[in-house]
Amino acid sequence: MKIPTVPGASSPGSKPPPGPDPARFSRAQWHLRANAPMLFWLIALVVVVAAHRFLPVATWLMVHLLLLGAIGNAIMVWSSHFAQALLRGPDHGRVYLAWRLAGLNAGVVATVVGMVTNIWVLVLIGSILVGAAFALHGVSFAVRAGRALPSRFGATVNYYIAASWLLPVGAALGAVLAAGYGGEVRQRLLVAHAVVNVLGFVGLTVLGTLATLLPTMLRTRVAEGAESAVRHGWIPLVGGVVVAGAGAGLGWMWLVAAGLVVYVGGIIHAALPVTRAILSKPPTDFAPLSAAASLLWLTGAVAVLAVMAGRGPSWETLYQQVQSVVPALAVGFASQVLLGALSYLLPVVLGGGPAVFKARAAVFNSAAGARLALLNLGLAVALLPVPSWVKVTTSTLVLVALVWFLVLVFRGLRAGRAPAGAPPAPATGERPGKRLMMSAVAGVAGVVLAVALGIVADPAAAGIGAAGSSEAAPGAGSAEPESTATGQTTRVKMSMKDMRFTPHTVHVPAGDRLVIDVLNEDDRVHDLVTANGAESGRVAPGATREVDVGVVTADTDGWCSLAGHRQMGMVFTIIADGA
């Protein structure tokens with residue numbers, strides 16, 4: 001299969017658009033400039049992850065810097081790239097694409113600043129700019145497709161058009177969410193927002209592209225049935241997004257479940273030819289392995305959401321489930337397909353001749369097994385109900401895998417500056433499969449070590465050293481015999497925000513049973529535990545929990561058990577009046 005070419009060359013006799021000459025940059029120069037914003041947002045993401053405990057709306061920032069900033073820029077640049085290669089018509093799109101990229105990034109900046117400063121007007125302006133940029137992006141595809149000659153995989157552009165026109169809907173939903181709605185309305189809006197943006201905008205683009213890109217990564221032929229899958233596969237995917245989004249808007253959870261089931265069917269239909277290509281030539285390089293792993297994360301996450309929506313206990317439960325699945329979709333699916341695609345595409349488009357291409361490709365493929373293990377196994381462990389410090393150590397490994405890729409990008413650029421005639425790197429003599437396996441073993445060992453460090457940091461949370469202790473600590477407020485209980489219940493409302501419990505002191509008559517209704521008003525997950533063993537479990541942003549502390553006969557301490565939260569002052573005290 002021919003490697004896609006880069007848009008931007010004018011055809012003879014065609015009239016260029018106003019503005020700078022589209023051909024004044026070389027292919028490599030154009031892609032360095034076009035992809036710079038995407039790399040900027042990835043670097044900003046790393047900074048926010050490292051400092052998230054000290055930032056407002058940190059969880060929102062991490063998700064949107066990745067999906068809206070980095071992924072949004074990558075989709076705008078590379079969908080244009082592939083559309084031009086597939087449609088093969090005359091193109092002056094570089095100038096117009098540059099303006100759309102400017103509008104997109106101005107919108108992302110306005111949205112981020114508006115959320116951090118809590119200025120809703122800025123969020124609204126940012127949403128309008130982002131939506132308009134992609135609405136025009138979709139129009140450009142529709143116009144180009146209408147003028148193009150028939151192409152075997154030209155139907156891929158239908159995925160790009162649908163994805164581009166879904167994003168303005170998702171951006172509008174995001175602006176409404178930022179307006180501060182609460183309760184069930186907020187929960188339903190978030191479900192619709194996630195479905196339209198992640199499954200519609202990102203999912204459609206990725207699934208349409210991988211049908212031809214992944215076989216190209218494997219250097220094998222497109223599998224039988226791929227053309228039909230591309231031509232018809234976008235219909236169940238778009239239908240699933242529309243049905244699920246409408247179900248959330250109408251408040252019909254069964255309709256959300258039905259839409260997600262249809263979407264899973266669309267994934268399977270689109271992925272069957274890709275699976276055949278993988279089976280015909282098992283991958284040993286980072287790029288195709290990362291792309292294939294991203295499809296597994298997408299399928300698994302959507303299937304989990306479909307099951308949860310089918311059970312339909314409440315919108316709050318589905319809201320929490322969506323938030324728990326967002327890391328799988330954002331990191332396991334979206335970021336991983338981005339890393340895989342760029343690891344293959346950047347050496348191709350930056351040019352420099354066969355020797356430089358091989359040098360760059362080797363850089364992006366270095367330590368492939370270790371990086372895949374750190375990201376995928378580290379993320380899988382972090383998503384399990386493990387102690388907080390284990391989540392911290394394993395999620396740190398996921399961040400390491402992302403930073404590692406950024407380092408390789410700059411190393412790959414330097415590889416293109418090697419002096420002419422420089423000798424190639426000596427061959428190791430190892431087979432690619434063996435080298436991949438050895439690297440993967442090192443990555444798995446790193447994850448095991450991270451889990452062990454997390455347990456050592458907080459052994460009690462892992463149940464080590466606590467099982468044999470049958471006596472409560474002094475002042476634990478444990479339940480006393482019935483003769484000391486008053487038979488009364490004191491109910492207290494408490495909120496969690498900005499690393500604080502409010503109120504931070506709770507008074508209860510000695511002998512009363514204490515029940516705390518805790519509300520998480522923060523943008524990140526918290527929990528509530530007390531010294532006598534009462535606990536809320538993890539409380540998602542906007543959710544509430546009822547915590548039965550039991551009969552209180554002595555002063556008792558409480559805190560948030562997530563790693564670092566207690567140390568940052570997230571504690572409270574229960575005072576037993578009259579004890």
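Numbers for residues simply follow the sequence, beginning at 1.
Side chain to side chain, T317 and S314 meet the donor-acceptor criterion of an N or O pair below 3.5 Å. When only modelled atom types and interatomic distance are considered, S79 and Y159 share no side-chain donor-acceptor pair under 3.5 Å. Judged by distance alone, the side chains of N35 and N73 never bring a donor and an acceptor atom under 3.5 Å apart.
For residues 499-509, there are no salt bridge (charged side-chain N to carboxylate O under 4.0 Å, His left out) pairs, not counting sequence neighbours. Evaluation of the salt bridge (charged side-chain N to carboxylate O under 4.0 Å, His left out) test over residues 389-402, restricted to residues two or more places apart or in two chains, returns none. Residue pairs meeting the side chain to side chain donor-acceptor pair (under 3.5 Å) criterion with at least one member in residues 257-272: none, sequence neighbours excluded. Contacts classified as ring pair (Phe, Tyr, Trp, His ring centres under 6.0 Å) and involving residues 40-62 (residues at least two apart or in different chains) are given here: W60-H64. Applying the side chain to side chain donor-acceptor pair (under 3.5 Å) test to every pair with at least one member in residues 230-253, sequence neighbours left out, gives these pairs: E227-R231.
Atoms CG and CG, from L136 and L104 in turn, are 11.5 Å apart once rounded to the nearest 0.5 Å. In this structure, CG in L399 is found 10.0 Å from CE in M62, a value given to the nearest 0.5 Å. Atom CD1 of I267 and atom CG of L272 lie 12.0 Å apart (nearest 0.5 Å). Annotation: the span from L379 atom CG to T394 atom OG1 amounts to 8.5 Å, rounded to 0.5 Å. Note that CZ of R491 is 9.5 Å distant from CG of L514, once rounded to the nearest 0.5 Å. Separating the CZ atom in R371 from the CH2 atom in W404 is a distance of 7.0 Å, to the nearest 0.5 Å.
Listed by chain and residue number, H137, F201 satisfy the ring pair (Phe, Tyr, Trp, His ring centres under 6.0 Å) test with F134 (two or more places apart in sequence, or in another chain). With sequence neighbours left out, R545 forms a salt bridge (Lys or Arg N to Asp or Glu O under 4.0 Å) with E316. Residues satisfying the salt bridge (Lys or Arg N to Asp or Glu O under 4.0 Å) test with R311, not counting sequence neighbours, are none. For Q336, the side chain to side chain donor-acceptor pair (under 3.5 Å) partners two or more places apart in sequence, or in a different chain, are N376. Applying the side chain to side chain donor-acceptor pair (under 3.5 Å) test to D527 and every residue at least two apart in sequence or in another chain returns S561. Residues forming a side chain to side chain donor-acceptor pair (under 3.5 Å) with S536 (at least two apart in sequence, or on another chain): none.
Within the 3.5 Å criterion, the main-chain N or O of A135 finds a donor-acceptor partner in the side chain of W165. In terms of modelled atom types and a separation under 3.5 Å, the side chain of N520 and the main chain of D522 share a donor-acceptor contact.
Two residues are said to be in side-chain contact when any heavy atoms from C-beta on lie closer than 4.5 Å; H193 and L177 meet this criterion.
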Name each donor-acceptor pair under 3.5 Å that joins a side chain in residues 537-544 to protein atoms two or more places apart or in another chain, with its distance.
none

Would V571 and H504 count as a side chain to side chain contact (heavy atoms under 4.5 Å, CB included) here? Give the steps.
CA-CA 7 Å; V571 297; H504 66 276; over 6 Å; no
